[in-house]
2 protein chains.
Amino acid sequence: MRKSKQRDAILQVLQGTDSHPTAEWIFSRVRREIPNISLGTVYRNLNQLADGHLIQRIFDDGHLRFDANLHRHDHFRCIHCQRILDLEVELVGLDEAISDDDRFNATGYSLEVTGVCNECQHETEEI
Amino acid sequence: MRKSKQRDAILQVLQGTDSHPTAEWIFSRVRREIPNISLGTVYRNLNQLADGHLIQRIFDDGHLRFDANLHRHDHFRCIHCQRILDLEVELVGLDEAISDDDRFNATGYSLEVTGVCNECQHETEEI
DNA sequence: TGATTAATAGGAATCATTACTACTTAAACT
DNA sequence: AGTTTAAGTAGTAATGATTCCTATTAATCA
Ligand SMILES: [Mn+2]
Ligand SMILES: [Mn+2]
Ligand SMILES: [Zn+2]
Ligand SMILES: [Zn+2]
């Protein structure tokens with residue numbers, strides 16, 4: 001993997017946020033630095049970075065989002081605004097339960113908690 | 001919601017499998033009964049059934065799948081063949097951890113375990 | 001510095017899903 | 001039972017996120 005200013009910029013943008021953005025959002029940010037970068041380049045590099053374990057992909061309700069936080073952690077997703085928050089929960093006994101199941105060989109897991117974030121909760125109350 | 005033979009057939013197909021199928025798979029099955037049903041009808045009805053809580057939607061790696069099992073349960077997904085298996089794991093302490101977090105009001109959660117299913121494991125060994 | 005070839009920009013293609021519309025039919029009302 | 005109504009359907013067009021294609025640019029290295 002050669003270096004390219006496009007990939008560097010994409011990685012920097014992602015590392016500079018905790019918002020779990022879409023490719024489109026990253027595209028709009030990177031454009032400030034590299035105005036003629038193309039959306040295809042953003043997708044290609046995000047996939048390369050994910051394949052090279054420099055970032056991770058997360059699937060939120062059918063849409064692709066990205067996360068530069070490589071530690072194993074989980075997420076909360078607001079069903080109103082789709083905002084994603086990091087979650088640190090300890091899943092007691094899960095590793096054991098998984099390895100006891102002889103139908104498969106597990107390599108990972110992800111937990112998604114859903115609900116309403118505080119911002120959306122307040123909006124609803126105001127109406 | 002009026003009754004329609006199309007919706008009845010779709011629900012029956014889904015209730016008759018534990019494979020967590022896609023709309024396309026359900027379409028091909030229902031076609032045996034109703035040869036001129038359209039794919040749009042399958043999607044529309046699956047969405048209605050899900051909105052009416054008669055089935056549930058599950059998101060597997062960016063694709064939409066459906067499940068007639070309404071009990072809260074989790075899933076294993078094979079990263080090779082995309083097969084989905086039902087999982088019954090008890091997430092000890094999760095409810096508490098979630099309600100202690102004051103950034104949101106959680107209403108649900110889902111756990112996806114990933115790995116290689118036995119069938120795919122054997123295939124790999126044979127090569 | 002020149003050769004090699006990965007990476008890019010821009011645009012076309014893909015594919016799952018949704019939207020549109022004229023026709024059909026369930027079911028509520030006489 | 002016949003009439004009215006609006007929900008449901010088939011068929012097809014549209015959408016939108018993502019991937020693919022190709023001529024051109026640029027990183028790397030002898
Ligand atoms: Mn995260
Ligand atoms: Mn299931
Ligand atoms: Zn929210
Ligand atoms: Zn498998």
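Note on naming: letters A, B, ... go to the chains in the order of the sequence lines (proteins, then strands), and numbering restarts at 1 for each one. Atom set for the values below is all heavy atoms of this structure, side chains included, hydrogens, waters and symmetry mates excluded.
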Asker: Atom CZ of A/Phe66 and atom P of D/dA17: how far apart are they, to the nearest Å?
Answerer: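 It works out to 13 Å between those atoms.
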Asker: Can you see if the side chain of B/Ser4 gets near the phosphate of C/dT25 - specifically, an N or O under 4.0 Å from OP1 or OP2?
Answerer: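 No, outside the criterion.
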Asker: For B/Asp18, is there any backbone N or O sitting under 3.5 Å from a side-chain donor or acceptor partner on B/His20?
Answerer: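 Checked: pair present.
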Asker: How many whole angstroms separate atom CZ of B/Arg65 from atom P of C/dA16?
Answerer: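 The distance from CZ of B/Arg65 to P of C/dA16 comes to 11 Å, rounded to the nearest Å.
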Asker: Take atom CD of B/Glu24 and atom P of C/dT18, then tell me their distance rounded to the nearest Å.
Answerer: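 Answer to the nearest Å: 13 Å.
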Asker: May I have the distance from A/Leu64 (atom CG) to C/dA16 (atom P), rounded to whole angstrom?
Answerer: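 Distance check: A/Leu64 CG to C/dA16 P gives 16 Å.
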Asker: Are A/Leu54 and A/Tyr43 in one and the same hydrophobic cluster, where Ile, Leu, Val, Met, Phe, Trp and Tyr link if side-chain heavy atoms are under 4.5 Å apart?
Answerer: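 Result: yes, single cluster for both.
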Asker: Applying side-chain contact (heavy atoms from CB on, under 4.5 Å), run through B/Arg31 and B/Val42 and close with a yes or a no.
Answerer: CA-CA 10 Å; B/Arg31 255 186 158 167; B/Val42 174; over 6 Å; no
Asker: Below the 4.0 Å mark, does C/dT25 have OP1 or OP2 next to a side-chain nitrogen or oxygen of B/Arg2?
Answerer: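 So the side-chain polar atoms of B/Arg2 never come under 4.0 Å of the phosphate oxygens OP1 or OP2 of C/dT25.
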Asker: More than 12 heavy atoms of other residues, nucleotides or ligands under 6.0 Å from NE2 of B/His73: yes or no?
Answerer: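 Check passes, neighbour count above 12.
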Asker: Where along residues 27-50 of chain A does a heavy atom fall under 4.0 Å from DNA chain D?
Answerer: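 A/Leu39, A/Tyr43, A/Asn47, in order of number.
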Asker: Does atom CD of A/Gln12 have more than 12 heavy-atom neighbours, drawn from other residues, nucleotides or ligands, at distances under 6.0 Å?
Answerer: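 No, not enclosed.
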Asker: Hey, are A/Asn47 and A/Arg57 close enough side-chain-wise for a donor-acceptor pair under 3.5 Å?
Answerer: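 A/Arg57 vs A/Asn47: donor-acceptor pair found between side chains.
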Asker: Kindly point out which of C/dA27, D/dT9, C/dT8 is positioned nearest to the side chain of B/Gln6?
Answerer: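 From the listed options, D/dT9 comes nearest.
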Asker: Distance-only, no hydrogens or angles: does the B/Ser99 side chain make a donor-acceptor pair with backbone N or O of B/Glu96 under 3.5 Å?
Answerer: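 Yes; judged by distance alone, with no hydrogens or angles, the pair exists.
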Asker: How long is the line joining NE2 of B/His63 and P of D/dA17, in whole Å?
Answerer: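 That distance rounds to 15 Å.
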Asker: Would you please name every residue forming a side-chain contact (heavy atoms from CB on, under 4.5 Å) with A/Ser4, sequence neighbours left out?
Answerer: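 Testing A/Ser4 for side-chain contact (heavy atoms from CB on, under 4.5 Å), a comparison that skips the adjacent residues, returns A/Gln6, A/Arg7.
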Asker: Rounded to the nearest Å, what distance is computed from the CZ atom of residue B/Arg7 to the C1' atom of nucleotide D/dA7?
Answerer: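 Roughly 9 Å, once rounded to whole Å.
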Asker: What is the distance, rounded to the nearest whole Å, between atom CG of B/Asp51 and atom P of D/dG8?
Answerer: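 Value for this atom pair: 12 Å.
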Asker: Cut-off 3.5 Å, side chains only: do A/Arg44 and A/Thr41 have a donor facing an acceptor?
Answerer: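 Short answer, yes.
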Asker: What is the bend of the helix from C/dT1-D/dA30 to C/dT30-D/dA1 when you compare the axis at one end with the axis at the other, using five pairs each and rounding to 10°?
Answerer: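 Axis angle across the helix from C/dT1-D/dA30 to C/dT30-D/dA1, nearest 10°: 30°.
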Asker: Rounding to an integer number of Å, can you tell me how far B/Phe59 CZ sits from C/dT17 C1'?
Answerer: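 Value for this atom pair: 11 Å.
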